[in-house]
Every structure is written in C-alpha cells, then in structure tokens.
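In what follows, a structure is listed as structure tokens, so that the remarks can point back to it.
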Amino acid sequence: TTLLAALLTATLCGGAARLLLQRQAAMNLAQYQSPLLKEVLAASAQPAFDGSAQAAAILFVDVANFTTRSAALGHAATAVFLRRFHKLIEEAATAHSGLVEHYAGDGAMVCFGLPRPLPGDAANALRCAEALFAAVAHLNSELSAEGQPPIAIRVTAHYGQVTAAVLGGTLQGHVTFVGDVVNVTSRLQEVAKARAAELVVSDDLVTAAGSGLGRDLEPAGPVVLRGRDAVISVWVRPVPDPARARGET
C-alpha cells in the first residue's frame, strides 16, 4: 500500500509538473500573438474569418529620418530604441481595438477589423493615430532627459474593402488583410513625406469615421499614388516643423 501510494503521488506530481510546463510554454508562445487573436486561433485550425470579405481600416506608422538615427545609435542601442517604440505602438493599437499585423524595423502596420469588423473601426484608426502622436510627445520628453534628439513619426490610414486571410506556408502563417486598401495606405507614406505631413488619411476613412474626428485635418484634394492609376482624395496635417520631416525612412 505504501509503495502504491508513493507511485501514485509521483505520477500525480509528474503530471502536474508537465501541465505547468505546457502552460508556461503556451504562455511564452502567446506573447508573440495579439490578444485579439489568441483565443480565435487556438480554437480552430482555420479561423472563421479566413477568406472573408469585409470593410476595414489600415494604419501605417514609421519614424522619420530613422536611417540617420540608427546609424548614430549603433545596432545595440537601435534595438533598445525599437523596443520602446514598438511598445508605444502596441499600447496605442490595443487601446483602440487595433491589431498590430507586423512590425518592420521602425514601422508597423495596424489593422482595425480583426478578428471581426466593428462599427467604429474607421474612428478607432483616427483615435489610434492621435494616441500615437501623444505617446511620441511623451517619449520625446524622456529622450530629451536622456540627452537624445526627439523623433517624428508619419502616420497614414485608409478604409475600404479587404479580405481577411491566414497567409504563409505549411509550418508558419500569419493573419492579415489583403487588398488595395493595404497598398494605398503604404503608398500614402510617400505622400506624407513629399508634403511634409505628419498625418495623411483618405477621404474614405474620414467619411467612415463620422463627424467630430479629424477636425484639424486639411483637405489636400485628389492625389495619384505610385503604381496606381486611380486617384484618391486625402486629408493631411502638416508637420509642425517641416525640417523634422526631411530625411530617409
């Protein structure tokens, strides 16, 4: 009886230890996925939204003149800076029901409408943009105290029809939106740089967001984007100091 009790205790302790290790492993992996998608992706090998058409808002953000800053910082300090900046993006996106689809160096793409579209996606994109500028202002205060120069960001956003999809290969995939809206939002970064604007958004986004938002934006009329024949009407907000907008991305 004593031997059986000891074996049972050992088995139970071993099972509990394995369960704890499995839970810890799941938690470690979960930090690499947005909280908006964790449960949805864990519940099914093919999420319900995969392949669905919907309206969504896309936001791109990057740091102006980052190449020069990175060269001055060096690779180790650049990694530290990017972790601070990415955390800033994540907090602004999460607070406004946005999903950071990916980080790309000093930039990021944020989706509004995953894992399901919301009535306020366009408005949330505009609110997220404002939250990013406010967060950067706070970051610049910290950088100044550390003896570092301030940063300036460029934010662009667009709204329209997309397809939600799980892309990738057999072993690794990612959730994203596919469609012209994504390409247009990316190309608007070039408009922001050319016009010394810190914020450029499409008229489609402003219309979908409704009144009361984007009141400090200026209509900039139709623009032709690189690689695209159709024109798109945009609204802009100039950089307070145009000199901050110069330089490479």
Side-chain angles (χ1 to χ4, degrees), residues 28-42 46-47 49-52 54-64 66-67 69-70 75 78-118 121-122 124-126 128-129 131-132 135-136 139 151 153-190 192-193 199-202 205 225 227 248-249:
N28 291 340
L29 289 173
Q31 68 177 319
Y32 296 98
Q33 188 56 259
S34 167
L36 294 174
L37 293 177
K38 290 176 184 177
E39 293 185 6
V40 177
L41 295 180
Q46 183 175 11
F49 59 75
D50 188 17
S52 63
Q54 64 176 83
I58 306 293
L59 180 149
F60 274 76
V61 55
D62 75 351
V63 178
F66 181 72
T67 301
R69 187 183 195 94
S70 178
H75 54 83
T78 295
V80 173
F81 168 79
L82 287 176
R83 276 193 284 269
R84 293 173 74 177
F85 184 59
H86 290 171
K87 182 174 183 290
L88 175 157
I89 296 172
E90 178 188 68
E91 290 173 347
T94 302
H96 297 89
S97 301
L99 182 149
V100 180
E101 194 269 355
H102 73 269
Y103 298 103
D106 63 308
M109 170 180 163
V110 184
C111 299
F112 299 84
L114 279 172
R116 62 190 62 83
L118 299 173
D121 284 332
N124 281 336
L126 276 178
C128 179
L132 286 169
V136 165
L139 174 61
I151 67 169
I153 60 172
R154 283 187 284 261
V155 179
T156 57
H158 184 31
Y159 182 82
Q161 290 294 313
V162 297
T163 294
V166 179
L167 302 181
T170 304
L171 301 179
Q172 180 179 340
H174 74 283
V175 176
T176 188
F177 281 137
V178 178
D180 189 50
V181 173
V182 179
N183 301 327
V184 167
T185 311
S186 177
R187 290 285 188 263
L188 288 177
Q189 285 281 324
E190 299 173 6
K193 185 175 182 179
L199 177 61
V200 178
V201 301
S202 69
L205 181 81
L225 304 177
E248 299 174 333
T249 53

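- Heavy-atom minimum distance, Ala108 versus Ile89: CB-CD1, 3.9 Å.
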*How far apart are the C-alpha atoms of His174 and Glu101, what are their side-chain angles, what is the distance that settles it, and do they pass the side chain to side chain contact (heavy atoms under 4.5 Å, CB included) test?*
CA-CA 8 Å; His174 74 283; Glu101 194 269 355; 3.2 Å; yes
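- Residues meeting the side chain to side chain donor-acceptor pair (under 3.5 Å) test with Glu190, sequence neighbours left out: Arg226.
- Closest non-hydrogen pair, Gly113 versus Gln54, comes out as O-NE2, 2.9 Å.
- Minimum interatomic distance between Asp50 and Ala165 (heavy atoms only, all atoms of both residues): OD1-CA, 3.4 Å.
- A heavy-atom distance below 4.5 Å is found between the side chains of Phe177 and Leu114.
- For the residue pair Ser202 and Leu188, the shortest heavy atom distance occurs at N-CD1, 4.5 Å.
- In this structure, the side chain to side chain contact (heavy atoms under 4.5 Å, CB included) partners of Glu91, at least two apart in sequence or on a different chain, are Lys87.
- A 4.5 Å side-chain heavy-atom check between Thr163 and Ser52 finds every atom pair outside the cut-off.
- Each of Thr185, Val201, Val61 was compared with Thr156 under the side-chain contact (heavy atoms from CB on, under 4.5 Å) criterion, and only Thr185 meets it.
- Every residue meeting the side chain to side chain contact (heavy atoms under 4.5 Å, CB included) condition with Ala57, not counting sequence neighbours, appears here in chain and number order: Phe112, Ala125, Tyr159, Leu205.
- Residues that satisfy the ring pair (Phe, Tyr, Trp, His ring centres under 6.0 Å) test with His86, not counting sequence neighbours, are Tyr103.
- Counting heavy atoms from C-beta on, the side chains of Ser97 and Leu118 come closer than 4.5 Å.
- Interatomic distance, Asp121 CG to Cys128 SG, rounded to the nearest 0.5 Å: 11.5 Å.
- Looking at residues two or more places apart in sequence or on another chain, you find a side chain to side chain contact (heavy atoms under 4.5 Å, CB included) between Ala135 and Leu88.
- Two residues are said to be in side-chain contact when any heavy atoms from C-beta on lie closer than 4.5 Å; Val181 and His158 meet this criterion.
- Distance check: Phe81 CZ to Ile151 CD1 gives 4.0 Å after rounding to the nearest 0.5 Å.
- Counting all heavy atoms, side chain and backbone alike, Ala92 lies closest to Leu132 at CB-CD2, 3.7 Å.
- Counting only heavy atoms from C-beta outward, the side chains of Leu99 and Val175 never approach each other to under 4.5 Å.
- For Thr78, the side chain to side chain contact (heavy atoms under 4.5 Å, CB included) partners at least two apart in sequence or on another chain are Phe66, Ser70, Leu73, Leu82.
- Within the 4.5 Å cutoff, no side-chain heavy atoms of Thr176 are placed close to those of Val182.
- Between Arg154 and Ala64, the shortest heavy-atom contact is NH1-CB, 3.6 Å.
- A donor-acceptor distance shorter than 3.5 angstrom exists from the side chain of Asp106 to the backbone of Val63, with no hydrogens or angles considered.
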